[in-house]
Amino acid sequence: MTDSQPVLRALDTGLEVLLYPEPKYREKFGPLFNQPTGKALIHYMNPVNKISSKGKKQNRILLLSNNALYLTEVDSTVKRCVPVKDITQVVVAPASGCIGFRISKEYDILLELNSQDPAKEVHYLLNILKVLYQKEQTGILGTWVRQVDGVKKRAKPFDPPLLMSKPKGFKLTLVAIPVLSPEEIQQMLKASVRPSPLPDE
């Protein structure tokens, strides 16, 4: 999205909607964003390092729709898909750019965000997750988010530890990304237009 284009926001949550991936990802992720019936409803996309249970870093792309978290390879192959409602806690270490997810029905996830300002990126992502959590859940937000001072290999600062080993027989279950129709996009465009402020008298 260029600077000259208005920022589109979802009408139900107010979160920014990404209509296009960054240029370097458009070849691989373009088909995901451009669905036959409209545009995929995606609020966040960023390269990350997934930390394995052995402390190994794996290049991934993190995507957030309005109801699920997706981890893909750089060629857009989906490796994990977690509904927001299945995330029982988010643990963040802003100084190191790390964010962990405790997941009720699957094994946990630990990510290191790739950004020039890791703390800012963590807080930006966390703010999106908070909105999505409140949309999906009725729980207490303060117990869903926990902050720690730092993260070392194998998530040792987390108590209890994140359970990041893939269980035997694990099968990926995909949640379809909602699609915005052209009419819905037009509604967002109209909502993004605001009257210019009157000049001072």
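Because the structure is a prediction, the values reported are computed rather than measured. Just so it is clear, the values below take in all heavy atoms, side chains as well, and ignore hydrogens, waters and symmetry mates.
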Is there a side-chain contact between [X] and [Y], using heavy atoms and a 4.5 Å cut-off?
X: Asn67; Y: Leu41; value: no
X: Leu19; Y: Phe33; value: no
X: Thr37; Y: Ser181; value: no
X: Leu113; Y: Ile99; value: yes
X: Ile61; Y: Met45; value: yes
X: Leu62; Y: Tyr70; value: no
X: Leu125; Y: Tyr44; value: yes
X: Leu69; Y: Ile109; value: yes

### Task
Carefully, step by step, assess Val179 and Lys39 under the rule side chain to side chain contact (heavy atoms under 4.5 Å, CB included).
CA-CA 5 Å; Val179 177; Lys39 292 283 188 178; 5.9 Å; no
Contact summary for [X] and [Y], nearest pair of heavy atoms:
X: Met188; Y: Val17; value: SD-CG2, 4.2 Å
X: Arg60; Y: Lys50; value: CG-CB, 3.9 Å
X: Leu132; Y: Ser65; value: CD1-O, 3.4 Å
X: Gly97; Y: Pro118; value: CA-CB, 3.5 Å

Which value, rounded to the nearest 0.5 Å, describes the distance between [X] atom [atom1] and [Y] atom [atom2]?
X: Leu71; Y: Gln58; atom1: CG; atom2: CD; answer: 9.5 Å
X: Leu11; Y: Leu8; atom1: CG; atom2: CG; answer: 9.5 Å
X: Asn114; Y: Glu121; atom1: CG; atom2: CD; answer: 9.5 Å
X: Leu111; Y: Cys98; atom1: CG; atom2: SG; answer: 8.5 Å
X: Met164; Y: Ile51; atom1: CE; atom2: CD1; answer: 7.5 Å

### Query
Within a radius of less than 6.0 Å around NZ of Lys135, do more than 12 heavy atoms belonging to other residues, nucleotides or ligands occur?
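It does: Lys135 NZ has more than 12 such atoms within range.
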side-chain hydrogen bond (donor to acceptor under 3.5 Å, both in side chains) against [X], all qualifying residues, sequence neighbours excluded:
X: Thr77; result: Asp75
X: Glu112; result: Asn49, Lys57
X: Glu27; result: none
X: Asp117; result: none

Would you give me the side-chain donor-acceptor pairs under 3.5 Å for residues 80-87, sequence neighbours excluded?
from, atom 1, to, atom 2, distance (Å)
Arg80, NE, Glu106, OE1, 3.3
Arg80, NH2, Glu106, OE1, 2.9
Arg80, NH2, Tyr107, O, 2.8

Polar side-chain atom of [X] near backbone of [Y] as donor-acceptor pair, under 3.5 Å:
X: His43; Y: Leu64; value: no
X: Thr88; Y: Ser104; value: no
X: Arg26; Y: Pro21; value: yes

### Task
Go through Phe29 and Leu63 one step at a time and tell me if the side chain to side chain contact (heavy atoms under 4.5 Å, CB included) criterion holds.
CA-CA 11 Å; Phe29 287 85; Leu63 296 161; 4.2 Å; yes
### Message
Please enumerate all residues that pass side chain to side chain contact (heavy atoms under 4.5 Å, CB included) together with Leu163, with sequence neighbours excluded.
### Response
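Partners of Leu163 by the side chain to side chain contact (heavy atoms under 4.5 Å, CB included) criterion, ordered by chain and then number, come out as Asp108.
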